[in-house]
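Worksheet: the structure to be examined is printed underneath.
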There are 2 protein chains.
Amino acid sequence: MATRSQRADALSKERIVEAAIEILDTEGESALTFRALTARLATGSGAIYWHVANKNELLAATTNDVIARVMTVGDAEPHDAIRAIALGMFDAIDAHPWVGAQLSREPWQLAMLRIFEAVGGPLRRLGVPERAQFNCASALVNYILGVAGQNAANARLVTAGTDRTAFLGGLADQWARLDAEEYPFVRQIAAGLPEHDDREQFLAGIDLILAGIDALIP
Amino acid sequence: MATRSQRADALSKERIVEAAIEILDTEGESALTFRALTARLATGSGAIYWHVANKNELLAATTNDVIARVMTVGDAEPHDAIRAIALGMFDAIDAHPWVGAQLSREPWQLAMLRIFEAVGGPLRRLGVPERAQFNCASALVNYILGVAGQNAANARLVTAGTDRTAFLGGLADQWARLDAEEYPFVRQIAAGLPEHDDREQFLAGIDLILAGIDALIP
DNA sequence: CATGGACTGGAACGTTGTTCCAACATGGAC
DNA sequence: GTCCATGTTGGAACAACGTTCCAGTCCATG
């Protein structure tokens, strides 16, 4: 009943996904084309399409691959467990910015369910009422995905231009020159932009939501 | 010194943006091509490129146009003001799902600054310490953008397939069939999926963050 | 050794964003 | 009234992309 053994040098979905991740990581989202893949794998597009339905499926597979490596649920105290998951996601997306873009493109894939599941356990252990668990998990996941998307977009802009601090400095200048009547808040924020830490700010948001969740516990 | 008067029938960036929004709303993101635009405006691509640098700028302009219409800051009580802004964003993205996708693609455009500004005012009035204002605004904006992105992606899936309830029902079935050991939380959630209200859940998330923010106020 | 299904490589197709340019319109200078 | 410089237009052309198609190659099995 087992499939007959394959060729020794056979291409496989795993090898294709692996090559795709390498291209995405080293050259960015726009560099992942079937032509680049055929070149790297020294094959033709037909061979790739034999293992993978289309580019969407390929991207979903790469995303799932990266997320699965990160989503390990520990048995830490619930708050810390959620922080660990969130930071794991943040770091994964920091290392592979294209994941952020992909997660907001095709939802309800395995990758997103993994995140939901990882967050759901600690929420239960925290004593959140069952009716509210879906809302709380959804808030956390949507916040994480929002940051993920922004980070992905930022990475696109920064690699395209110069280095990060110069980029932030330019942005701050630009904000500071906005109309004082119309954008007072943005101008105030601009001052602190260059030395602001994305990761720290991300965690502050998680803690904000966690504080809100705590208020729900009877 | 003023530019000499233009032709009476002149194309303009406004007319192009308007036509683009019409195409996006009625036929979806994938239908917005320069060829579709030239057909609708009865012109050539060169004429469009005279007014618009490229497709990215066109999309940024359409997004800014839609957001600007929504971002009116009232003088309501701060919590309600933030809820109003958030719901305005939600409804705008519900009506124009492509906006959600665009916001997570090209950040730091005018559209995002408008949202930051709209949220910043109420945060100040709420008495949030200045050091924490950036973090709070960022949490709210990122959450909103996360939901926006997911809604955009969902809209893509639902219009492609059947109606919404059937889609959610199918999704719930799929979730309920997941491995019981690996996905207990997702399976539990699946039961409530068909009758769940996106808008209500979105607002619940906003309230969660607002509750967390309240805890910061001295 | 022959067979047939698993698998491969590459040519080809249709569509996209973008560029380029010859032509047209218009209002001020003469 | 004529003419020209500038602003604007329409469409042909290009390169790159995702995808399809198919003739051919490989190899466990009969």
Side-chain angles (χ1 to χ4, degrees), chain A residues 1-24 26-63 98 101-102 105-106 153 156-157 160, chain B residues 1-21 23-24 27-63 98 101-102 105-106 109 156-157 160:
Chain A
M1 209 64 230
T3 56
R4 48 203 282 179
S5 64
Q6 324 295 13
R7 287 185 213 181
D9 64 339
L11 204 51
S12 67
K13 186 164 175 179
E14 289 77 37
R15 278 190 53 214
I16 296 175
V17 168
E18 186 187 347
I21 291 180
E22 277 175 31
I23 294 178
L24 287 166
T26 57
E27 301 172 64
E29 300 169 56
S30 60
L32 179 64
T33 67
F34 276 83
R35 281 163 178 81
L37 263 181
T38 59
R40 179 173 284 249
L41 292 168
T43 178
S45 50
I48 295 179
Y49 273 97
W50 178 261
H51 296 278
V52 165
N54 50 42
K55 193 173 182 180
N56 265 351
E57 193 202 294
L58 176 59
L59 281 171
T62 59
T63 306
W98 48 273
Q102 180 53 23
R105 200 162 300 148
E106 298 280 332
R156 253 191 307 257
L157 288 183
Chain B
M1 208 64 224
T3 57
R4 48 204 283 181
S5 63
Q6 323 293 13
R7 288 187 214 181
D9 64 337
L11 204 54
S12 67
K13 187 164 173 180
E14 289 76 37
R15 278 189 55 212
I16 297 174
V17 168
E18 184 187 349
I21 292 181
I23 293 177
L24 287 166
E27 301 170 66
E29 300 170 57
S30 61
L32 180 64
T33 67
F34 276 84
R35 280 161 180 81
L37 262 182
T38 59
R40 178 174 285 249
L41 292 167
T43 179
S45 50
I48 295 179
Y49 273 96
W50 177 260
H51 296 277
V52 165
N54 52 41
K55 192 172 183 180
N56 265 351
E57 193 202 293
L58 176 58
L59 282 170
T62 59
T63 307
W98 48 274
Q102 180 53 22
R105 200 161 303 147
E106 297 281 330
Q109 13 174 37
R156 253 190 308 257
L157 288 182

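The chains referred to below are lettered A, B, ... by the order of the sequence lines, with proteins before strands, and numbering in each begins at 1. Only a predicted model underlies this, so the values are computations on that prediction, with no experimental measurement involved.
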### Task
Scan A42(A) against the nucleic acid and name what it touches under 4.0 Å (heavy atoms): base, sugar-phosphate only, or nothing.
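It contacts sugar-phosphate atoms only.
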Atom pair distance, as rounded to whole Å: [atom1] in [X] and [atom2] in [N]:
X	N	atom1	atom2	value
L41(A)	dC7(C)	CG	C1'	14 Å
L37(B)	dT18(C)	CG	P	12 Å
K13(B)	dT8(D)	NZ	C1'	17 Å

Could you work out, with side-chain contact (heavy atoms from CB on, under 4.5 Å) as the rule, every residue matching T26(A), not counting sequence neighbours?
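Per chain and number, T26(A) pairs via side-chain contact (heavy atoms from CB on, under 4.5 Å) with R40(A).
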_Filter on ring pair (Phe, Tyr, Trp, His ring centres under 6.0 Å), then keep only pairs touching residues 28-53 of chain A, sequence neighbours left out; what's left?_
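Qualifying pairs, neighbours excluded: F34(A)-Y49(A).
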Looking at residues at least two apart in the chain, or sitting in another chain, which of them share a side-chain hydrogen bond (donor to acceptor under 3.5 Å, both in side chains) with E27(A)?
->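 Testing E27(A) for side-chain hydrogen bond (donor to acceptor under 3.5 Å, both in side chains), a comparison that skips the adjacent residues, returns none.
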Note to self: Applying side-chain hydrogen bond (donor to acceptor under 3.5 Å, both in side chains), can you list everything that pairs with E18(B), at least two apart in sequence or on another chain?
What the structure shows: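 So E18(B) forms no side-chain hydrogen bond (donor to acceptor under 3.5 Å, both in side chains) with any residue.
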- prompt: Partner of dC30(C) by Watson-Crick or G-U wobble geometry, both contacts under 3.5 Å, or none?
  reply: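 Partner of dC30(C): dG1(D).
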- Task: Give none if dG30(D) has no partner; otherwise give the nucleotide forming a Watson-Crick or G-U wobble pair with it, both distances under 3.5 Å.
- Result: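 dC1(C) - that is the nucleotide pairing with dG30(D), both distances being under 3.5 Å.
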Margin query: It should be established whether W50(A) places a side-chain nitrogen or oxygen under 4.0 Å from OP1 or OP2 of nucleotide dC7(C).
Written below: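 Yes, because at least one side-chain N or O of W50(A) sits under 4.0 Å from OP1 or OP2 of dC7(C).
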Does H51(B) put a side-chain nitrogen or oxygen below 4.0 Å from OP1 or OP2 of dT9(D)?
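It does, given that an N or O in the side chain of H51(B) lies less than 4.0 Å from OP1 or OP2 of dT9(D).
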What salt bridge (charged side-chain N to carboxylate O under 4.0 Å, His left out) pairs are there with at least one residue in residues 46-63 of chain A, not counting sequence neighbours?
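Residue pairs passing salt bridge (charged side-chain N to carboxylate O under 4.0 Å, His left out), neighbours aside: K13(A)-E57(A).
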**Asked** Rounded to the nearest 0.5 Å, what separation is found between the CG atom of L32(A) and the CZ atom of R35(A)?
**Response**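 Answer rounded to 0.5 Å: 12.5 Å.
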Identify all pairs in which a protein N or O lies below 3.5 Å from an N or O of nucleotides 17-19 of chain D, and state each distance.
{"residue": "dG18(D)", "atom": "OP1", "partner": "K55(A)", "partner atom": "NZ", "Å": "2.4"}
{"residue": "dG18(D)", "atom": "OP2", "partner": "F34(A)", "partner atom": "N", "Å": "3.0"}
{"residue": "dG18(D)", "atom": "N7", "partner": "R35(A)", "partner atom": "NH1", "Å": "2.9"}
{"residue": "dG18(D)", "atom": "O6", "partner": "R35(A)", "partner atom": "NH2", "Å": "2.8"}
{"residue": "dT19(D)", "atom": "OP2", "partner": "Y49(A)", "partner atom": "OH", "Å": "2.8"}
{"residue": "dT19(D)", "atom": "OP2", "partner": "K55(A)", "partner atom": "N", "Å": "2.9"}
{"residue": "dT19(D)", "atom": "O5'", "partner": "Y49(A)", "partner atom": "OH", "Å": "3.1"}

